[in-house]
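Below is one structure, written out as structure tokens; comments come after it.
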Amino acid sequence: MRRMIDQPARWSQATVYPDMWADPDDDPRNKDGASPEGEPATLLDFLTGYRMTLRMKCEGLDAERLARRSVPPSTLSLLGLVRHLAEVERDWRNWITDGDPLPKLYGEKDADFNGAVAEQAVVDAAYADLEREQAATDAALAEHPDLGERVGKDQVAVRELMVHRIEEYARHCGHADLLRECVDGRVGQ
């Protein structure tokens, strides 16, 4: 088994632009047509792009490589990021509601990363959790189309929740770039 500190060869799947993750014509994040109209559509477009980027960074890896941790003592792994983002999607719903908070998906603090073990069942569950929690949070926020509306016990603006979600995914996509490069040398855009 190779360790993260071993030096993998750098590579890219792109053929036309070898310094990119994918050729622009093959990149599913590139869309033809006009950019989104209005602030809500623009925010959702950015969120969708970062969600897709995270999935792209994890594509083609088996359970062992997804669960591989970066550098000790860090618990960071690509699988841990998937689990973490499922956990935070659920937590954002707690910000929207006035009711009792939803329980954590993975239990105690940092269980999202500590429980990211190299088992296919854990990988499958993590992706299912992420899809379910993203859909539930999207649906909860769709009930509040006014970005200036204040929601939940803390009266947080819907706009702030949307921007925070984008920031969370963007930050972790940066982590995913580095993790993926350590796993197999693949570099991204």
Side-chain angles (χ1 to χ4, degrees), residues 1-13 21-22 27-29 44 46-96 101-141 161-189:
M1 176 171 70
R2 225 161 54 102
R3 297 173 305 152
M4 289 283 267
I5 58 173
D6 295 339
Q7 296 294 318
R10 289 181 57 132
W11 70 280
S12 171
Q13 185 171 312
W21 182 266
D27 192 331
R29 298 167 296 182
L44 189 56
F46 272 88
L47 179 62
T48 300
Y50 282 122
R51 285 175 170 174
M52 197 177 302
T53 298
L54 179 70
R55 284 192 171 271
M56 288 173 71
K57 300 302 175 181
C58 297
E59 268 178 6
L61 297 177
D62 61 16
E64 186 278 323
R65 293 189 299 169
L66 284 169
R68 195 178 292 173
R69 292 182 173 184
S70 58
V71 218
S74 174
T75 59
L76 205 58
S77 69
L78 288 165
L79 179 57
L81 289 177
V82 171
R83 288 168 50 98
H84 172 70
L85 287 164
E87 190 77 76
V88 297
E89 286 280 359
R90 174 173 277 222
D91 191 47
W92 285 319
R93 286 202 318 283
N94 289 331
W95 294 10
I96 299 167
L102 296 165
K104 288 193 159 296
L105 281 175
Y106 304 113
E108 76 266 358
K109 182 176 171 38
D110 295 330
D112 42 358
F113 289 103
N114 290 326
V117 296
E119 296 172 12
Q120 191 58 48
V122 174
V123 171
D124 295 343
Y127 280 114
D129 290 344
L130 182 61
E131 288 175 19
R132 182 189 64 245
E133 297 304 322
Q134 287 172 335
T137 304
D138 289 347
L141 281 170
L161 289 172
M162 285 299 295
V163 170
H164 185 68
R165 290 171 84 195
I166 293 165
E167 176 273 332
E168 185 88 13
Y169 277 90
R171 183 165 46 93
H172 291 314
C173 282
H175 294 134
D177 278 339
L178 297 172
L179 288 165
R180 182 63 188 252
E181 188 173 0
C182 286
V183 167
D184 66 2
R186 189 160 182 197
V187 294
Q189 70 222 42

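Quick caveat, the model's predicted, so the values are computed rather than measured.
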So CZ of Arg93 and CG of Leu161: to nearest 0.5 Å the spacing works out to 12.5 Å
In terms of heavy-atom contacts, Val117 and Val122 come closest through CG2-CG2, 3.7 Å
Could you pull out all residues at least two apart from Arg65 that satisfy side chain to side chain donor-acceptor pair (under 3.5 Å)? none
Heavy-atom closest pair, residues Ser77 and Ala67: CB-O, 3.5 Å
Hey, are the side chains of Asp184 and Leu61 touching, using non-hydrogen atoms and a 4.5 Å cut-off? yes
Rounded to the nearest 0.5 Å, what separation is found between the CZ atom of Arg171 and the NE2 atom of His175? 6.0 Å
Only counting residues at least two apart or in another chain, list the ones meeting ring-ring contact (aromatic ring centres under 6.0 Å, His included) with Tyr106. none
Out of curiosity, Leu78 CG to Arg180 CZ, how far, rounded to the nearest 0.5 Å? 7.5 Å
Does Arg90 use its side chain to pair, donor to acceptor, with the backbone of Ala136 at less than 3.5 Å? no
Nearest 0.5 Å, what's the CG-CD distance between Leu85 and Glu133? 11.5 Å
Electrostatic pair Glu64-Arg68, nearest N-O below 4.0 angstrom: yes
Go through Leu179 and Leu81 one step at a time and tell me if the side-chain contact (heavy atoms from CB on, under 4.5 Å) criterion holds. CA-CA 10 Å; Leu179 288 165; Leu81 289 177; 3.7 Å; yes
Any residue meeting side chain to side chain donor-acceptor pair (under 3.5 Å) with Arg132, in chain and number order, not counting sequence neighbours: Asp129
Enter the distance from His172:NE2 to Lys57:NZ here, rounded to the nearest 0.5 Å. 15.5 Å
Under 6.0 Å from the OH atom of Tyr127, do we count more than 12 heavy atoms belonging to anything else shown? yes
When rounded to the nearest 0.5 angstrom, what distance separates OG1 in Thr48 from CG in Asp138? 7.5 Å
Could you list all the salt bridge (Lys or Arg N to Asp or Glu O under 4.0 Å) pairs where at least one residue sits in residues 75-89, not counting sequence neighbours? Arg51-Glu89, Glu89-Arg165
Assess the residue pair His84 and Glu168 against the criterion (side-chain contact (heavy atoms from CB on, under 4.5 Å)); give the C-alpha distance rounded to whole Å, side-chain angles, the decisive distance to 0.1 Å, and a yes or no. CA-CA 10 Å; His84 172 70; Glu168 185 88 13; 3.0 Å; yes
Can you run down the salt bridge (Lys or Arg N to Asp or Glu O under 4.0 Å) pairs that involve residues 103-125, sequence neighbours left out, and say none if there aren't any? none
Would you call the rings of Trp92 and Trp95 parallel, tilted or perpendicular, where under 30° means parallel and over 60° means perpendicular? perpendicular
For Ser74, enumerate each residue passing the side chain to side chain donor-acceptor pair (under 3.5 Å) test, keeping only those at least two apart in sequence or located in another chain. Ser70
